[in-house]
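Here the structure is laid out as C-alpha cells; the discussion comes afterwards.
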Amino acid sequence: MTNIKHGTIVKVSGPLIVAKGMEDANIYDVVKVSEHKLIGEIIEMRGDKASIQVYEDTSGIGPGEPVYLEGHSLSVELGPGLLTNFYDGIQRPLRLLEEAAGPFITRGISVPGLDRAKKWKFEPIVKNGDKVEEGDIIGTVQETSLVVHKIMVPPGISGTINNIKAGEFTIEEIVAEVGGKKICMLQIWPIRAPRPTKNKLAPREPMITGQRVIDTFFPVVQGGTACVPGPFGAGKTVVQHQLAKWSDTEIVIFIGCGERGNEMTDVLLEFPELEDPKTGKPLMERTVLIANTSNMPVAAREASIYTGITIAEYFRDMGYRVALMADSTSRWAEALREISGRLGEMPGEEGYPAYLGSKTAAFYERAGKVKCLGSESREGALTVVGAVSPPGGDLSEPVTQNTLRVAKVFWGLDDKLAFKRHFPAINWLNSYSLYENDVLDYMRREAGEDWPEIRNEAMNLLQEEARLEEIVRLVGVDALSAREQLVLNTTKSLREDFLHQNAFDDEDTYTSLKKQYYILRSIITFHKEAKRALDREIKLNDLVNLPIKTEVIKCKWLKDNSLYEELIDNVKSEIRKLYG
Amino acid sequence: MQKEYKTIKEVAGPLMIVDKVRDVKYEEIVEIELPNGEIRLGRVLEVDEEKAVVQMFEESRGINLKKSKAKFLGKTMTIAVSPDMLGRIFTGAGRVKDGGPDIIAEKEVDINGAPINPYSRDFPNDFIQTGISSIDGMNILVRGQKLPIFSGAGLPHSEVAAQIARQARVKDDSDSEFAVVFGAMGITFEEAEYFINQFKETGAIERSVLYMNLANDPVVERITLPRMALTTAEYLAFEKDMHVLVILTDLTNYCEALREVSAARKEIPGRRGYPGYLYTDLSTLYERAGRIKGKKGSITQIPVLTMPEDDKTHPIPDLTGYITEGQIILSRELHRRGIYPPVDVLPSLSRLAQKVWGKKTREDHGDLANQLFSAYARGKEAKELAVILGEAALSDADKKYSHFADEFENTYIRQGIAENRELEKDTLDRAWKLLTILPREELKRLKEKQIEKYLPKSK
C-alpha cells in the first residue's frame with residue numbers, strides 16, 4: 001500500500017469530494033476514496049486540488065482521509081461473458097454484489113465486470129504467420145447459443161500472428177501473440193472515448209420492430225437514432241421494452257438509467273422467458289442489462305449510459321447490428337445537473353449545465369452504421385433509442401430540445417391517447433422520422449411494391465381526420481358529406497385496428513412487416529372501393545354495414561398471410577356487387 | 001473520543017455552521033446542547049477542513065451561539081427498532097410521542113437505508129384488495145407497489161387513504177401478518193385525529209406504527225420522518241415477515257421542507273425553487289417499496305400528496321409520477337357532484353396491473369378494465385359534445401355512451417365510505433352489468449368467449 005500515491009480529502013458535499021495533493025492525477029482518472037475504497041472519478045482539477053464524483057454513498061467520509069490514485073480512466077471490461085449479464089452503472093455484476101452483500105447494495109464492494117475463472121472455448125480462425133491489423137478477428141467463442149463472440153485484435157496493434165492456440169481459456173490467458181504483443185480475450189476500454197472505426201456509412205436499412213405504428217409510419221434505421229419523449233404514464237417504458245424484445249438486431253443493450261427498480265426486475269425475469277421470433281432461443285442470450293435505478297448513487301447514473309454504449313460499440317465492432325435503449329436520458333441529464341450544481345458551475349437553462357447540448361449530441365453521435373476496423377470489410381450498426389421524460393410533458397424543456405436536435409426519429413407520446421388506453425400512445429400527427437424516404441426501396445422489396453402509396457394514403461386520411469374532427473366538434477357529424485363520413489369511418493379502423501397494438505397480447509405484440517402491409521392494404525382497399533361506390537350513389541350505411549367490413553376490422557387476427565389476398569379480392573367484389 | 005465544540009458560528013433557518021472542527025464526517029449526527037441542557041439533533045450536510053454545515057432535524061429556536069455546544073457523535077442517523085413499536089406513536093425525530101416508555105432496541109438501523117439490489121428484488125405479483133371498485137377493478141393495487149394518491153386541497157384523500165388502510169387485505173394470506181406504518185408530515189391536528197380514531201375503532205392500531213409531525217411541529221423533522229417510517233417498515237417486512245402498508249401524507253409538505261433547507265444553503269434551484277436533486281431524493285423514499293427474493297414480507301407504499309392548484313405538472317406530482325408505479329388521481333369535479341370516492345379513473349393508472357390481471361384475478365379482468373376505460377372515455381367525449389351541440393345532435397351510439405358514462409360514475413365509481421366490495425362477485429360483475437347499456441358489437445376490447453360467458457343475457 002505504501003507505494004501507491006494518494007491525496008487527502010479536504011471537503012465532502014454529497015457525492016462530490018475535493019482532495020488536495022493530487023498533482024499526479026489526470027483529469028477523468030479513477031480514484032479510490034478512503035479506506036472504504038469507494039470508486040470515484042476526477043472531474044475537475046484546480047492546482048493540486050481535484051474534484052471527484054463518487055459512485056457510491058459518501059456518508060461517514062470526512063476531511064483528512066486518503067484518496068488513492070488508480071492511474072487510469074473509468075473503463076469497462078470487454079470480452080466473453082458480457083451477454084446475459086446484469087450490471088450496475090459502473091459495470092459491477094449485480095448478482096455478485098448480492099453474493100457479497102445481500103439484498104441491499106452496500107458500498108466499497110469491488111467485483112470484476114467479467115468472470116475471471118470461467119473457461120471459454122476459443123477457436124482460432126487465423127494461423128501462425130498470418131498478418132493481421134487492428135480490428136481483425138483472430139478467433140471465435142460461442143458465448144451463448146445465439147451469439148458468436150468474435151475475438152478481435154485490439155485497436156493500435158498489428159503484425160504477424162504467433163503462438164496462436166485453440167482450446168479452453170479464461171479471458172486473461174494468452175491466446176495469441178500479434179507483432180510480439182500478447183493478446184488475451186479481455187479488452188479494457190475507457191467509457192468516455194468512442195471506439196474507433198474505419199468510417200461511417202449512411203444507414204438505409206430499417207430496423208424492423210414489429211410495432212405497426214413505428215415500422216409503417218415512423219421507421220428507424222439500423223444505425224439510426226430515435227427519441228421517445230412523453231409524460232409519465234404515456235408508455236415510454238413499454239415502447240422501450242417492446243423494441244428490446246422484438247427489434248431485428250443481433251445484440252440488445254438495455255440501460256435502466258435512474259428508473260424504477262421493479263421495472264428492471266421485470267425485464268430480468270421476463271427476458272429469459274421470451275423467445276427470439278427467429279430462432280426460438282431465449283432473448284436474454286443476446287441481451288446485456290444495465291441498471292442504475294433512481295435510488296442508486298447519482299454519479300454512477302451519469303456513467304451508466306457511457307458504460308452501455310461502450311459495450312454496444314464493442315459488439316458493433318464485431319460486425320453485429322446492435323440496438324441500445326436508454327431509459328431515461330432525462331435522469332442522466334439530471335445527474336449532470338446535480339454534479340454541476342455541486343461544482344458551483346454557472347447554470348444554463350433550468351439549472352442544467354451549459355454543456356448539456358454538446359454532451360447529448362456527443363452521446364447520440366456514437367450511434368451509426370460503420371465500416372469496422374480490420375482488413376475484411378465488416379459492417380456493423382449501432383442504433384440508439386433514448387427515452388426522454390420531460391417534466392409535466394412539456395417538450396420545450398432543455399433535455400427534449402437538445403435531444404430533438406440530434407435524434408432523427410421522434411416518437412411523441414401523448415397522454416390523451418394513453419388515457420383512452422390507445423397504446424402505443426405515439427401521436428401520429430406530431431411524430432416524425434427523417435428516415436422515411438431512406439427505407440422506401442427496402443419496403444417496396446420486402447413489404448409490397450405499392451407500399452409508399454398505401455402508407456401515404458393512410459397518413460393523409462389520418463391528417464384529414466384531425467381536420468374533420470374539429471368540424472364535428474363545432475357543428476356535429478351530420479354536417480359532413482358522405483365521403484367525409486367515410487373518411488372518419490376508415491380512420492377509426494386505422495386507429496383501432498392498426499395503430500392500436502396490445503403489447504401484452506401474445507398474438508398482437510409483434511406483427512411482421514409483410515402482415516403490416518396486408519392489414520393496411522385491406523383497410524385502404526375497402527376505403528378506395530367504398531369511395532368509388534359512393535360516387536355511384538350507394539348509401540354510406542349500406543357500405544359500412546357490409547359483413548366484409550367486419551372481416552376487414554378483424555383482419556389482424558388472420559393467421560396466414562396468404563389469406564389476405566383473398567380478403568382483399570372479396571372486399572372488391574362485395575362492394576362492386578352493390579352497383580353491379 | 002467525542003469532541004464538543006463551542007464554536008457555533010452561524011445559525012440561519014434550518015442550517016448551522018460549526019467552525020474549527022476536526023475529524024468530522026459527512027452525514028454524521030450532531031447533538032446540540034442548549035444552555036438549559038436541552039438536546040437537539042442535526043446532521044452534517046457538508047464538511048471541509050475548517051467548518052461543518054449542519055442541518056438541524058429539530059427547530060433551531062433557543063440556540064445561543066456562545067453558550068450552546070455541538071457534539072459530533074461519530075455515527076449516522078439511526079433508530080432503535082423492535083416489534084414493540086407496533087401500536088405506538090413517535091415524533092418526526094423518532095422520540096416517543098404517546099407518553100409510553102422508550103423502545104428497547106432489538107437493533108439500531110441507519111434511517112437512510114440502502115438501495116435494494118434490482119437483482120435481489122422479487123417482482124410484485126399479487127394484489128391487495130381494497131374493496132374500492134375504481135381501484136380494484138381498474139387500477140389494482142399490487143403487493144410491493146408504490147401507488148400514490150394525487151389529491152388537491154379540500155378533497156377527501158384522508159378518507160380514501162383510511163378506507164384503504166381499513167379494508168386492505170391480501171387474498172391468500174395465511175402465514176404473514178399485515179401491518180400499517182403511518183407517517184404524517186405537516187397535517188392538521190384534526191386530520192391526524194381522524195386517522196388515529198379510524199385505526200383505534202377498527203383495532204388496526206394494534207398492528208400500526210404511527211409517526212406524527214403536525215402542522216405546528218418543526219418543519220425540518222418532516223425530512224427525517226418518512227425515512228424513519230420506511231426504516232421501521234423495512235424492519236417489519238424483511239426481518240419480521242410482515243406485509244407492511246406504508247401511508248405517507250402529505251408529501252407536498254415534505255418537499256417544501258426540502259426546498260427550505262436547499263434555499264438556506266443557497267443551492268441553484270431547479271423548477272419552481274425546488275432543488276435539482278428532488279427526483280433523486282424522492283426516489284430514495286419511494287424505491288424503498290418492494291419485495292425481496294427469499295423474504296416473506298413486502299412493503300406497499302401509498303404516498304398522498306396534494307397538488308397545488310390541482311396541477312399535475314407541478315414538480316412534486318410530476319416527479320412522483322415518474323418514480324411511482326402509477327397514480328390514483330382524485331377529481332374535484334366528481335367530488336363537487338357528491339361522488340365518493342372521487343377517483344378520476346382515466347388519468348389514474350396502476351403500472352403493475354398487467355402483471356396480476358387475469359393471472360391472479362379472474363381471466364376477463366384485464367380486457368374488461370380496458371373496455372371500461374375506452375367506453376368511459378368515449379362517453380365523456382360524447383357528453384362534452386352534448387354540452388356544445390345539445391343532446392339531440394348526438395348519434396345513437398353516442399347517446400348510449402353518454403348514458404353509460406353517467407351510470408358508470410353513479411354505480412361503479414360511487415360507493416359508501418364503509419362499503420367493502422368483493423372483487424369478483426361485486427366489482428367485476430357490476431362492470432359487466434354496466435356494459436349491457438352498450439351495443440354488443442361495440443365491445444371491441446373483449447373476446448367473444450368472455451362476452452358469451454359473463455355478459456348478462458336478459459335485455
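Below, read A as the first sequence line, B as the second, and so on, with proteins coming before strands; counting in each chain starts at 1.
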Inset, instruction - Measure distances from A/Asp497 to the heavy atoms of chain B and classify the residue's part below 4.5 Å as side chain, backbone, both or neither. - result: side chain

Inset, instruction - Sort B/Thr76 into side chain, backbone, both or neither according to what part of it lies under 4.5 angstrom from a heavy atom of chain A. - result: side chain

Inset, instruction - State, yes or no, whether a side-chain contact exists between B/Tyr26 and A/Lys11 at a heavy-atom distance under 4.5 Å. - result: no

Legend entry - Residue part contacting chain B, namely of A/Val238, when any heavy atom lies under 4.5 Å: neither

Legend entry - Part of A/Arg337 within contact of chain B (heavy atom distance under 4.5 Å): side chain

Inset, instruction - Using a 4.5 Å cut-off on heavy atoms from C-beta on, say whether the side chain of B/Ser374 contacts that of A/Lys420. - result: no

Inset, instruction - Answer with side chain, backbone, both or neither: which region of A/Asp88 has an atom nearer than 4.5 Å to a non-hydrogen atom of chain B? - result: neither

Inset, instruction - Below 4.5 Å from any heavy atom of chain B, which atoms of A/Glu345 appear? Answer side chain, backbone, both or neither. - result: backbone

Legend entry - Min side-chain heavy-atom separation B/Tyr119-A/Tyr87 under 4.5 Å: no

Inset, instruction - Answer yes or no: is there a side-chain heavy-atom contact under 4.5 Å between B/Lys312 and A/Asp415? - result: yes

Legend entry - chain A contact via B/Lys75 - side chain, backbone, both or neither, heavy atoms under 4.5 Å: neither

Legend entry - Region of A/Ile553 that comes under 4.5 Å of a non-hydrogen atom in chain B: side chain

Inset, instruction - Determine whether A/Pro103 and B/Lys293 make a side-chain contact, defined as any pair of heavy atoms from C-beta on separated by less than 4.5 Å. - result: no

Legend entry - Cationic tip of A/Arg260 above B/Tyr322 ring, under 6.0 Å, 45° of axis: no

Legend entry - Parallel, tilted or perpendicular: rings of B/Phe150 and A/Phe232 (30°, 60°): perpendicular

Legend entry - Part of A/Glu98 lying under 4.5 Å from any heavy atom of chain B: both

Inset, instruction - Would you indicate whether the side-chain heavy atoms of A/Asn262 and B/Lys146 approach each other to under 4.5 Å? - result: yes

Legend entry - B/Arg271 with A/Glu397: basic N within carboxylate O range, under 4.0 Å: no

Inset, instruction - Identify which part of B/Pro317 has an atom lying under 4.5 Å from any heavy atom of chain A, answering side chain, backbone, both or neither. - result: backbone

Inset, instruction - Under 4.5 Å heavy-atom distance to chain B, tell me which part of A/Val10 shows up: side chain, backbone, both or neither. - result: both

Legend entry - Residues A/Lys20, B/Glu49: salt bridge by 4.0 Å N-O rule: yes

Inset, instruction - Would you please test A/Glu65 and B/Lys25 for salt bridge (Lys or Arg N to Asp or Glu O under 4.0 Å) and show each step? - result: CA-CA 10 Å; A/Glu65 294 186 57; B/Lys25 311 293 186 197; 2.9 Å; yes

Inset, instruction - Answer with side chain, backbone, both or neither: which region of A/Lys416 has an atom nearer than 4.5 Å to a non-hydrogen atom of chain B? - result: neither

Legend entry - Top of A/Gly351, A/Gly393, A/Ser13 for chain B proximity - count of heavy-atom pairs under 4.5 angstrom: A/Ser13

Inset, instruction - Test A/Arg331 against B/Thr280 for side-chain hydrogen bond (donor to acceptor under 3.5 Å, both in side chains), laying out the working first. - result: CA-CA 9 Å; A/Arg331 306 301 162 222; B/Thr280 306; over 6 Å; no

Inset, instruction - Please state whether the side chain, the backbone, both or neither of A/Thr293 comes within less than 4.5 Å of a heavy atom of chain B. - result: side chain

Inset, instruction - Can you tell which part of A/Arg342 gets under 4.5 Å to a heavy atom of chain B, answering side chain, backbone, both or neither? - result: side chain

Inset, instruction - Determine whether A/His500 and B/Arg445 make a side-chain contact, defined as any pair of heavy atoms from C-beta on separated by less than 4.5 Å. - result: yes

Inset, instruction - State which residue, out of A/Leu97, A/Asn292, A/Ile105, fulfils the side-chain contact (heavy atoms from CB on, under 4.5 Å) condition with B/Pro118. - result: A/Ile105

